[in-house]
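Read through the structure below, which is laid out as structure tokens, and then see the notes.
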Amino acid sequence: MPVRNSEIADIFEKLADLLEIEESNPFRVRAYRNAAQSIRGHGKAMADLLEQGADLSELPDIGEDLAEKIQTIVTTGELPLLNEVESRTPAALSDMMRIEGLGPKRVKTLYKTLDIKSIDDLKRAARSGKIREIPGFGKKTEDRIRTRVEGFTSHEQRVKLCVAEQIAEPLVDYLRKVKGVKDIVIAGSFRRRKETVGDLDILIAAARDSIVMDRFVEFGEVVEVISKGRTRARVRLRCGMSVDVRVVPAVSFGAALVYFTGSKQHNIAIRKMGVRRNLKINEYGVFRDKKRVAGKSEKSVYASVGLPVIVPELRENRGELQAARKNRLPHLITMEDIRGDLHCHTRATDGRDTPRRMAEAAAERGYEYLSINDHSKRVAVANGLDRKRLLKQIKEIDKLNEKLDGIELLKSVELDILQDGSLDLPDSVIKELDFTVCAVHYGFNLSRRKQTDRVLRAMDNPYFNILAHPTGRLINEREPYPINLEAIMKAAKERGCFLELNAHPDRLDLTDDACLLAKEIQVRIAVSTDAHSASDLRYMRCGIDQARRGWLEKTDIINTLSLSKLKELFARR
DNA sequence: GCCGTTTTCGGCCCGACTGTTTTCAGTCG
């Protein structure tokens, strides 16, 4: 299997850690970190780009040298420079830097004075009380290291956005009631609507003498106060999530919002634009010399560098600043644009509600149509429909449609794409449907080429309309199966097929980067919830968040169309 | 090691908090 972008990024990040411990040129260290981030966030695999003969040094934060190193990693799977550095400096020191409160300097000191080279070494040393004897360390530092290292798991997981929302809501309600709090916004990746959130950044506008910080650390879910000052405090909640609260005066709120919403890369780019205009931009405002010239609102901050406000979902330094400069920011899709949902299940298979109940719930949301896409027979665990049961369901839906007012149910199915690329029900029954949704449910371990060919062959069937959850990934649970998405998207575009952005918060498959790729290729997308109950229809919001991060507009999304237009699109045959 | 409205050299974001030290280094975001 070709080397994944995340693997290349991991190598550069590890190298950056070790070089930092060795006190190498800090800007060189940063260059490796920037490159890692750039590669990790890139929609296309470096391996594919190289195969197509692309010049990697044209990518942001990648120069001649790193382009060559990426080539080496893609070809050989490793980087000689990293091996060389690891021969001097133990690789596991990089893991130690993941522990909160341990940076390159302390890790180096621990290594040099106590020969601590791993998390386990660190655990033993902290228990034995040797760490506090090192100059510059003390009892408190040792205590903290001990607690952190005991509870340390190598990969602290980011939580899904919808889970973060449930965690944040009661805390924000609590803080909102504190005297002196004028405004409160959850910033950070939460506000940028990233699919997962590492920690919560809560920004509060309040008077300087507000007691909000005292109240914050007293919140019932707080199990550890990591730091607490007048303007900034950080705690850990019972659920394991860290929360930062920052208090700023109202006059700085807009500047602070920009600053704490990020992304970091976006902010750095904004600041650089400011520097060119002799402006200093920080979380307190925009300053020319000592004079504040903007900062109360986000609009004023962006205006100070000659830009319109950029919505948080786009703030990733993925071209939004250039687009804003040219007044070519996308008009992002909104919930109001959505006229129906093209993927849901009923009690006939693994759903919980009846078609009628689903239709009523969709109508309540203001939709014009909803399609019923129960599983087909291959998905036996879900009691998938065979030919006979599907024909029966088609008749039921026809009957139901006569009674329904204001909403139409579309007759569909979620077909299984078999390993040979055929679909698991015959055309003779599929042709009775309004359209089809097709997906891979088994055989995730095929090679990338075979998996791609499988889906491409399936798309050759003229009844194939929408490819559902195109990579099969489950966030934090299952990696995407290897597949050449770019080839799939190009083929879909040629054949008049569409890709689904599965809005279920466990899937969000396509990723934001994949949405960007789809936009570039101009293949259109269905944002669908894959609802297994009437209440699941609410997940549309999650899909729209993701679509917006992927720059998608109303015209990129097919379920913004009227029913008649939609039916025209589905008529490949 | 990257980058360019200061373009092939000379910059590269910076303020808050903690602990240990007594004026600041280390870490974080």
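Residue numbering restarts at 1 for every chain, and letters A, B, ... go by the order of the sequence lines.
Among the heavy atoms of the strands lying under 4.0 Å from A:Pro60 are primed sugar atoms or P, OP1, OP2 only; no base atom is included. Across all strands shown, A:Leu59 has heavy atoms under 4.0 Å from sugar-phosphate atoms exclusively, and none from any base. When heavy atoms are screened at a 4.0 angstrom cut-off, A:Arg276 is found touching the sugar-phosphate backbone but no base atom. Nucleic acid contact for A:Ile99: sugar-phosphate only, since backbone atoms but no base atoms lie under 4.0 Å from a heavy atom of the residue. Residue contacts for A:Lys264: at a heavy-atom cut-off of 4.0 Å it reaches a base atom on one of the strands shown. Note on A:Arg106: only backbone sugar-phosphate atoms sit closer than 4.0 angstrom, heavy atoms only; bases stay farther off. No contact: A:Phe12 has no heavy atom under 4.0 Å from any strand. The residue A:Tyr284 sits close only to the backbone: its heavy atoms come under 4.0 Å of sugar-phosphate atoms, none of a base. Contacts of A:Asn25 with the nucleic acid, taken as non-hydrogen atoms under 4.0 Å apart, include base atoms. In this structure, A:Lys108 reaches neither bases nor backbone, as no heavy-atom distance under 4.0 Å exists between it and the strands shown. In this structure, A:Ile281 reaches neither bases nor backbone, as no heavy-atom distance under 4.0 Å exists between it and the strands shown. A:Pro104 comes within contact range of the sugar-phosphate backbone alone, with a heavy-atom separation under 4.0 Å but no base atom that close.
A:Met213 and A:Arg230 make their closest contact through CG-O, 3.8 Å (heavy atoms, listed as atom of the first residue, atom of the second, distance).
Across the P atoms, B:dT18 and B:dC13 are found 25 Å apart, a figure rounded to whole Å. Between B:dG11 and B:dT6, the two C1' atoms lie 10 Å apart (nearest whole Å). Comparing B:dG19 with B:dC9, their C1' atoms are spaced 40 Å from each other, to the whole Å. Taking atom C1' in both B:dG29 and B:dT23, one finds a spacing of 24 Å when rounded to whole Å. Rounded to a whole angstrom, the distance from the C1' atom of B:dT22 to that of B:dC28 is 24 Å. Comparing the P positions of B:dT21 and B:dT27 gives a spacing of 15 Å, expressed to the nearest Å. Rounded to whole Å, the C1' atom of B:dG15 lies 28 Å from the corresponding atom of B:dG4.
Protein chain A touches strand DNA chain B; the 5'-most and 3'-most nucleotides with an atom under 4.0 angstrom of its non-hydrogen atoms are B:dG1 to B:dG29.
Between A:Arg28 and A:Glu283, the residue whose closest nucleotide on DNA chain B is further toward the 5' end is A:Arg28. Comparing A:Ala35 and A:Lys228 against DNA chain B, the residue whose closest nucleotide sits nearer the 5' end is A:Ala35.
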Where do A:Ser242 and A:Asp199 land on the side chain to side chain donor-acceptor pair (under 3.5 Å) test, with the steps shown first?
CA-CA 5 Å; A:Ser242 296; A:Asp199 55 14; 5.4 Å; no

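For the pair A:Arg28 and A:Tyr32, the NZ or CZ position fails the cation-pi test of under 6.0 Å to the six-membered ring centre and within 45 degrees of the ring normal.
The distance from atom CG of A:Leu15 to atom CD of A:Glu20, rounded to the nearest 0.5 Å, is 11.5 Å. Once rounded to the nearest 0.5 Å, the distance linking CZ of A:Arg146 with OG1 of A:Thr141 reads 11.5 Å.
Here A:Arg232 does not pair with A:Asp201 in a salt bridge; the nearest charged N to carboxylate O distance is not below 4.0 Å. Ionic pairing of A:Glu142 and A:Lys139 is not present here: no N-O contact between side-chain nitrogen and carboxylate oxygen is shorter than 4.0 angstrom.
Pair check for B:dC14 finds B:dG29; Watson-Crick or G-U wobble, both atom distances under 3.5 Å.
Within a 6.0 Å radius of CZ in A:Arg328, other residues, nucleotides and ligands contribute 12 heavy atoms or fewer.
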